[in-house]
Amino acid sequence: MVHSDWGDWLPQAIENADPEGVAAWYLGCNGLVLTDGETTLFVDPYLGTGDPPRTVRMVPIPFDPEDIESADAVFATHEHSDHVDGPSQAPILADTGATYYAPDDSLAVAHENDWADEWDLADDQLVEVSEGDTNEIGEFTVTVTHANDPDATHPVGYLIDHPSGTFFHGGDTKPGDELEPIGEEYDIDYAVCAFGAVGMILDKETREPKRTRWYSDENQAIEVANQLQVDTLVPTHWDMWKGLTADPAALHPHARTYDYPEHLEIVEIGDRIDY
């Protein structure tokens, strides 16, 4: 059962938004919600507390999923528990009728945990996607791309195109040959990049402290931006797990001498971006 630290002000802000183009809110961890006032998309919303003491959530839970009144789609980038989570995502699907788009290994998590039965979802609400697929949702065109996350079994990214601009969400991707063709083909206005520190995290099996790197460091994050040729880079995930948090302001000197990103936008949980 999810309990929000913030009440329902964020869902109400999303519901009442009337942007000239698109409004996007950072949900903490690697979650994002985008709306043009008519169509609302979620990517990797996670409202859990982790697996204390191994993974300990460091930011508020910004909303109860039951408070989301309108959603058209929820996208998953990969199968990790902070990206595919029934209590966080299935109530949104159940209450709004939104479609859940996910690659095979992510969708397998939903099936193995009986989302359809527990939350009374329709069979056609859970849709498998793979690289190259394109879905038209309102005025958004969402293209599934490759991603480079060695810790995931089948990661993907999403190129979210709208008449007002293009947003890229690569999940926990690191630099890789997979990203360069995306940057060559698309003019990307905003891209999120999972950024964090290296820390000692309890091993999942032994529960012994283990040196852990899950996200891009300063140099890798800027390399992601250069491979994507992105105008504005939005660092994410840096706020989430105790022992792996980082200061995104550290990206400024790393970005200064590179062509991309042209801008670095640092957002905290609940902040809004308009484009």
Side-chain angles (χ1 to χ4, degrees), residues 24 26-27 29-34 40-46 71-86 88-90 92-93 98-113 115 124-137 140-162 166-196 214-216 220-221 223-225 227-230 233-237 240:
Y26 176 48
L27 304 177
C29 196
N30 217 2
L32 198 74
V33 56
L34 306 94
T40 302
L41 314 179
F42 286 81
V43 185
D44 285 353
Y46 177 67
D72 296 277
V74 180
F75 293 88
T77 60
H78 63 287
E79 76 284 352
H80 290 166
S81 58
D82 56 338
H83 298 259
V84 177
D85 181 62
S88 299
Q89 297 158 3
I92 298 175
L93 307 178
T99 302
Y100 189 71
Y101 296 95
D104 51 4
D105 290 354
S106 298
L107 208 59
V109 174
H111 290 309
E112 289 165 4
N113 289 279
W115 287 20
D124 61 359
Q125 281 185 266
L126 303 178
V127 176
E128 182 178 325
V129 298
S130 59
E131 294 85 344
D133 289 353
T134 297
N135 288 281
E136 305 281 346
I137 307 169
F140 291 96
T141 300
V142 183
T143 301
V144 186
T145 73
H146 290 275
N148 176 35
D149 180 4
D151 295 319
T153 57
H154 186 186
V156 300
Y158 294 102
L159 202 293
I160 305 171
D161 193 38
H162 187 273
T166 301
F167 210 117
F168 178 78
H169 195 307
D172 292 348
T173 193
K174 294 183 176 66
D177 294 339
E178 298 87 347
L179 302 186
E180 291 183 357
I182 302 170
E184 292 290 339
E185 183 174 355
Y186 297 98
D187 182 10
I188 302 174
D189 297 290
Y190 285 86
V192 301
C193 180
F195 164 67
W214 283 336
Y215 314 115
S216 291
Q220 291 173 318
E223 189 175 353
V224 166
Q227 291 182 330
L228 293 172
Q229 302 181 38
V230 63
L233 182 68
V234 182
T236 56
H237 234 321
M240 187 60 179

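Atom set for the values below is all heavy atoms of this structure, side chains included, hydrogens, waters and symmetry mates excluded.
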### Message
Ignoring hydrogens and geometry beyond distance, is a side-chain donor-acceptor pair present between N30 and D82 at under 3.5 Å?
### Response
no

### Message
Filter on ring pair (Phe, Tyr, Trp, His ring centres under 6.0 Å), then keep only pairs touching residues 142-161, sequence neighbours left out; what's left?
### Response
F75-Y158

#### Entry: Non-neighbouring partners of Q125 that pass side chain to side chain contact (heavy atoms under 4.5 Å, CB included), sequence neighbours left out
L93, L121, A122

### Query
Within the distance-only criterion (no hydrogens, no angle test), does the side chain of E79 pair as donor or acceptor with the backbone N or O of T153 below 3.5 angstrom?
yes

### Query
side chain to side chain contact (heavy atoms under 4.5 Å, CB included) between V129 and N135: does it pass, once the steps are laid out?
CA-CA 9 Å; V129 298; N135 288 281; 4.2 Å; yes

### Task
Please test Y26 against T236 for side chain to side chain contact (heavy atoms under 4.5 Å, CB included), starting from the C-alpha separation and ending with a verdict.
CA-CA 8 Å; Y26 176 48; T236 56; 3.6 Å; yes

### Query
Closest heavy-atom contact between A76 and V84?
CB-CG2, 3.8 Å

### Message
Measuring from atom OG1 of T145 to atom CG of L179, what distance do you get when rounded to the nearest 0.5 angstrom?
### Response
7.5 Å

### Query
Taking all non-hydrogen atoms of both residues, which atom of V142 and which atom of L41 are closest, and how far apart?
CG2-CD1, 4.0 Å

### Interatomic distance, D44 atom CG to H169 atom NE2 [nearest 0.5 angstrom]
5.0 Å

### Message
Nearest 0.5 Å, please: how far is CG in L32 from OG1 in T77?
### Response
11.5 Å

### Task
Over all heavy atoms of both residues, which pair between G157 and A147 is shortest? Give the atoms and the distance, please.
N-CB, 3.9 Å

### Query
What pair of heavy atoms forms the shortest contact from A73 to Y101, and how long is it?
CB-CE1, 3.7 Å

### Task
Give a yes-or-no answer on whether the side chains of T141 and E136 include a donor-acceptor pair shorter than 3.5 Å.
yes

### Query
Does a side-chain heavy-atom distance below 4.5 Å link L107 with Y100?
yes

Could you give the side-chain donor-acceptor pairs of residues 181-195 under 3.5 Å, partners two or more places apart or in another chain?
from, atom 1, to, atom 2, distance (Å)
E184, OE2, Q229, NE2, 3.1
D189, OD2, T166, N, 2.7

### Heavy-atom side-chain contact between L34 and F167 under 4.5 Å
yes

### Query
Going from CD1 on I137 to OG1 on T99, what distance comes out if it is rounded to the nearest 0.5 angstrom?
7.0 Å

### Task
Indicate the atoms forming the closest heavy-atom contact of P175 with N148, along with that distance.
O-ND2, 2.5 Å

### Query
Is any side-chain heavy atom of E128 less than 4.5 Å from a side-chain heavy atom of P103?
no

### Query
At their closest point, which heavy atom of H78 faces which heavy atom of S106, and how far apart are they?
C-OG, 2.9 Å

### Query
Are H80 and D149 close enough that some pair of their side-chain heavy atoms sits under 4.5 Å apart?
yes

### Task
With the side chain counted from C-beta on, respond yes when I160 and V43 share a heavy-atom pair under 4.5 Å apart, and no when they do not.
yes

### Atom pair CD/CH2 of Q89 and W115 - distance to nearest 0.5 Å
4.5 Å

### Message
I need the K174 NZ to Q220 CD distance, nearest 0.5 Å.
### Response
6.5 Å

